[in-house]
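Just below is one structure, and these are the notes that go with it.
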Amino acid sequence: MSAPVEALRAALEAGLAADPAVMARLGDPLRLYESRARRAAYPHASWSRVETVETGADGVRLLDLRLGLDVWQRDSDPGPVLDALADAVIALATPDLPAPWRLVTLHPTYRDVFATRDRRLRRGVLRVRAVLGRVAT
């Protein structure tokens, strides 16, 4: 992962870990893992795919990022956890990113709940879109 993507993910994790509604659902310390943790307490979350597209014009370089969060919930609907995560992303103050990158926009774009092979386990998906800008020198 590139430095701006890592910095944004770290800022998101810090913001989620500081949000009382997220902590009430995912614990303190936050049960948010790099990849699915099959032995973690429920509910818990894990990072999923990251998509990066570079664009830009007239001296401005843009990095369009799509970050995925999966929520794993047993015997219950992960919808309230997804709502808390999405609200925390919306409320997140502008994170510090490595120079010369700046955050242009950050918002949740998609959320849904899916059944899994294990009939007791549900998977919630939250996609977050961020656009980072960099002035070309």
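Remember, predicted model here, so these are calculated numbers, not experimental data.
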Decide whether Met23 and Leu16 are clustered together by the hydrophobic rule: side chain heavy atoms of Ile, Leu, Val, Met, Phe, Trp, Tyr closer than 4.5 Å, transitively.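 Met23 and Leu16: separate clusters.
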
Please determine whether a side-chain nitrogen of the Lys or Arg among Glu51 and Arg129 lies less than 4.0 Å from a carboxylate oxygen of the Asp or Glu.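 Arg129 and Glu51: not salt-bridged.
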
Answer yes or no: is there a side-chain heavy-atom contact under 4.5 Å between [X] and [Y]?
| X | Y | answer |
| --- | --- | --- |
| Arg111 | Asp83 | yes |
| Thr109 | Val128 | no |
| Leu63 | Pro4 | yes |
| Leu106 | Val89 | yes |
| Leu32 | Leu69 | yes |
| Glu54 | Arg61 | yes |
| Trp47 | Glu13 | yes |

Might you point out which heavy atoms bring [X] and [Y] nearest each other, and give the distance in Å?
| X | Y | value |
| --- | --- | --- |
| Pro98 | Ala7 | CD-CB, 3.3 Å |
| Val113 | Gly79 | CG2-N, 4.3 Å |
| Val71 | Pro78 | CG1-CB, 3.8 Å |
| Val81 | Gln73 | CG2-OE1, 4.1 Å |

Output yes when a side-chain donor or acceptor of [X] lies under 3.5 Å from a complementary backbone atom of [Y], and no otherwise.
| X | Y | value |
| --- | --- | --- |
| Arg25 | Pro80 | yes |
| His44 | Ala37 | yes |
| Thr116 | Leu121 | yes |

Using a 6.0 Å cut-off, check whether atom CZ of Arg74 has over 12 heavy atoms from anything other than its own residue.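 Count over threshold, so yes.
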
How long is the span from the CG atom in Leu92 to the NE2 atom in His107, to the nearest 0.5 Å?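 Leu92 atom CG to His107 atom NE2 measures 14.0 Å (nearest 0.5 Å).
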
Cation-pi between Arg122 and Trp72: NZ/CZ under 6.0 Å from ring centre and within 45° of the ring axis?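 No, Arg122 does not sit over the ring of Trp72.
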
